[in-house]
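Below is one structure, written out as structure tokens, with a few remarks after it.
Because only heavy atoms are used, hydrogens play no part in the values below, and waters and symmetry mates are left out as well, while side chains stay in.
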Amino acid sequence: QAGTTTFANALDGIYVHQMSDQITIGGTDPADRNIISGNSRHGIFLDGDNTTFPVTNISMDGNLIGLSAGHSPMPNQEHGIAISYSRYVTIGSNDHAAVQQFISGNAHDGILITSSDHVDILDSTLIGIADWTGDTAADSPAGNGWNGMRLATDVTYVTVNSWKVA
């Protein structure tokens, strides 16, 4: 499809389970972009099982999470990205010229992080914005239902370098 009609998954758009390692979701090339929207639960769920079986070394960039291909809200019914018992997760890149990653319009939090460490949210990630023009006055808001980002229980070593959070 063209990315404008919802074909919801019964649970998550992308589910990464315990002990998964070295996974890339999307990329800095526009051809690598995923539309991860309209799902019955989370857009992306990194679901480690306590500290013995964490999800590790995950990167995601260039995706539309909670938006359609035309940047209209197409919310995931819970969180855009839910991270639990995960380590060394990178959301976005520091390449301003790269394709932007949008986490917007989701029913709950844009990003929820719980029981995880070493999570970096970098410059190419735009939270709560439907379209980015480079002109703050022309940017289109598309807030997430609860928070842009929520750090919950037992979260350490998180870096937020995202320069556009609405």
Expected output: side-chain [X] to main-chain [Y] donor-acceptor under 3.5 Å:
X: Gln101; Y: Val99; result: no
X: Asp47; Y: Tyr15; result: no
X: Asp61; Y: Thr28; result: no
X: Ser115; Y: Tyr85; result: no
X: Ser86; Y: Thr56; result: no
X: Ser124; Y: Ser93; result: yes
X: Asn63; Y: Ile25; result: yes
X: Ser104; Y: Ile129; result: yes

Would you mind telling me which of Val55, Ile91, Val16 makes a side-chain contact (heavy atoms from CB on, under 4.5 Å) with Ile83?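 Only one of Val55, Ile91, Val16 forms a side-chain contact (heavy atoms from CB on, under 4.5 Å) with Ile83, namely Ile91.
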
How about [X] and [Y]: do any of their side-chain heavy atoms sit closer than 4.5 Å?
X: Leu46; Y: Ile23; answer: no
X: Val119; Y: Ile111; answer: no
X: Asn34; Y: Ile44; answer: no

Counterpart residues, side chain to side chain contact (heavy atoms under 4.5 Å, CB included), relative to Thr114 (two or more places apart):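 Applying side chain to side chain contact (heavy atoms under 4.5 Å, CB included) to Thr114 gives Ser84, Ala152, Thr153.
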
Can you run down the salt bridge (charged side-chain N to carboxylate O under 4.0 Å, His left out) pairs that involve residues 101-121, sequence neighbours left out, and say none if there aren't any?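 Found Arg87-Asp117, Asp109-Arg150.
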
Pairs involving residues 33-43, ordered by first then second residue, that meet salt bridge (charged side-chain N to carboxylate O under 4.0 Å, His left out) (sequence neighbours left out):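 Output for this query lists Asp12-Arg41.
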
Tell me whether the rings of [X] and [Y] are parallel (<30°), tilted (30 to 60°) or perpendicular (>60°).
X: His79; Y: His42; result: parallel
X: Tyr157; Y: His118; result: parallel
X: Phe102; Y: His71; result: perpendicular

